[in-house]
Amino acid sequence: MQGLILFAHGARDARWAQPFERAAARLRTLAADTHAPAPRVALAYLEFLAPDLAGCAAELIAQGCTRIEVLPVFLGAGGHVRKDLPAQLEALRAAHPHVGFTLHRAAGESPWLEDAIARWALEAVNFEGPAA
């Protein structure tokens with residue numbers, strides 16, 4: 001069974017997580033519609049919110065996942081994505097050698113997301129082009 005963890009930064013205000021929770025719910029729906037069997041989709045946080053990556057992975061492993069994909073939901077690949085997250089994944093690999101963990105690039109490094117942000121910006125400001 002495959003697991004998929006959306007890994008976000010976290011914040012002290014729990015309302016910050018609402019867009020990520022909606023994205024995870026949407027991903028569950030899309031995966032159920034297009035994959036048989038659908039991967040188990042979970043959301044983990046670096047700090048302030050629960051579950052953290054280790055707790056989230058343990059939960060997926062308890063559900064029978066033997067492959068876990070980790071997708072950082074960060075706009076940029078700064079220190080957390082380049083340093084902290086790989087260190088946490090190495091600890092998980094050592095603790096769960098029977099599970100394959102794959103780290104993917106940060107969401108913000110996707111050309112698709114860059115395009116989506118640009119389109120959102122144009123729509124948000126109702127850009128009509130140069131004045132005639």
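Computed from a predicted structure; not experimentally measured.
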Within the side chain of [X], is there an N or O that forms a donor-acceptor pair under 3.5 Å with the backbone of [Y]?
X   : Y   : result
R40 : Q63 : no
T29 : A25 : yes
R28 : V41 : yes
R82 : A77 : yes

[X] side chain near [Y] side chain, heavy-atom distance below 4.5 Å:
X    : Y    : value
P86  : L89  : no
L103 : P72  : yes
L43  : C56  : no
F74  : E109 : no
R105 : V81  : no
L4   : I68  : no
H80  : L85  : no

Same cluster or not: are [X] and [Y] linked, directly or through other Ile, Leu, Val, Met, Phe, Trp or Tyr residues, by side-chain heavy atoms under 4.5 angstrom apart?
X    : Y    : value
L53  : L60  : yes
W112 : I117 : yes
I61  : I5   : yes
L46  : V73  : no
F7   : L27  : no

With rounding to the nearest 0.5 angstrom, report the CD to CG distance, E47 to D52. 11.5 Å
With a sphere of 6.0 Å drawn around [atom1] of [X], does it hold more than 12 non-hydrogen atoms of other residues, nucleotides or ligands?
X   : atom1 : value
L75 : CG    : no
R26 : CZ    : no
E59 : CD    : no

Parallel under 30°, tilted from 30 to 60°, perpendicular over 60°: which one fits the rings of F101 and H96? tilted
Heavy-atom closest pair (A17 atom, Y45 atom, distance to 0.1 Å) is CB-OH, 3.3 Å
